[in-house]
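Right, one structure below, let's go through it.
Below, chain A is the first sequence line, B the second, and so on; all start at residue 1.
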There are 2 protein chains.
Amino acid sequence: MPEMSLEDRARVFSALSDPTRLRLVEILASEEELCGTQIAHRAGISLALLSHHWKILSDTGVVKRERRGQKQFCRLDRDALESAFALVWPRSRIQTKL
Amino acid sequence: MPEMSLEDRARVFSALSDPTRLRLVEILASEEELCGTQIAHRAGISLALLSHHWKILSDTGVVKRERRGQKQFCRLDRDALESAFALVWPRSRIQTKL
DNA sequence: CAAATAGTTAAACAACTACTTGACTATATG
DNA sequence: CATATAGTCAAGTAGTTGTTTAACTATTTG
């Protein structure tokens, strides 16, 4: 993540601003990777609704997806989060450099 | 910040999800404290619009305000941010304990 | 009290968002 | 090819949000 505009940083926070999506992200924060069906099941939502939120999380760069066969595996992109958090939460950037 | 519900954490991110408000927060992240007129001037917005966004930032706990005479001084509440970020960005909590 | 500074509030509008349902596409397997 | 699994997409509805304008309140100072 070289540079993110104010709008792009706001879009990352917007991706985290819905309880359903925040739950998805928090689930992913505690796992290496999960496929769509697993995520939907853990979050207790339909696949259609996951697909809707998944697109938003992907478009904003909060998660990365990779197709393997029928399934798509998903993981957090911590660099994107860090870029968005940097100016609000400087400590995270400074301290992760340790 | 003892415990924050999923909804409350989402509300913090929602407070940061608008470019205008994110700018306000980033301005405050680089200063000890500022009064409303200073903030509005730096952000290039009207006082009426600041007041609208200021309420959202206060209600979600992202900033704390204190009246001194005519002016209200405002500063970030980093504990509230940390509580919201914790499950998404575990490193910030762990590392700030160092 | 009068005037200036600092901030609030309500109304109105346009734009956006989450969710459900049902039909659709893609990949793997028997 | 048929079936099952995995996920997408479009349409519709209901609710929310950001901004402007203009009038209003609160506090300080002359």
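Between the side chain of A:S14 and the backbone N or O of A:A10, no donor-acceptor pair lies under 3.5 Å. Side-chain atoms of B:S58 come within 3.5 Å of backbone N or O of B:W54 as a donor-acceptor pair.
The residue B:I39 sits apart from the nucleic acid: no heavy atom pair falls under 4.0 Å. Backbone-only contact: A:I56 has heavy atoms under 4.0 Å from sugar-phosphate atoms and none from a base. At the heavy-atom level, B:A40 lies nowhere under 4.0 Å from the strands shown.
Remark: A:Q70 pairs with no residue by the side chain to side chain donor-acceptor pair (under 3.5 Å) rule, at least two apart or across chains.
Along DNA chain C, the nucleotide closest to A:H52 and the one closest to A:Q70 are compared, and the more 5′ of them pairs with A:H52.
Ring geometry for A:F85 against B:F85 counts as parallel: the plane angle stays under 30°, on a 0 to 90° scale with 60° as the upper cut.
In this structure, of D:dT8, C:dT8, C:dA6, it is C:dA6 that holds the atom nearest to the side chain of B:K71. With C:dA6, C:dC19, D:dT19 as the choices, the nucleotide that has an atom nearest any side-chain atom of B:L49 turns out to be D:dT19.
For the OP1/OP2 pair of C:dT8 and a distance below 4.0 Å, the side-chain nitrogens and oxygens of B:R65 include at least one atom meeting the criterion.
Only one option out of B:R68, B:R65, B:K71, B:K64 pairs with B:E33 in a salt bridge (Lys or Arg N to Asp or Glu O under 4.0 Å); it is B:R68.
Of the residues in residues 15-38 of chain B, those with a non-hydrogen atom less than 4.0 angstrom from any atom of DNA chain D are B:D18, B:T20, B:R21.
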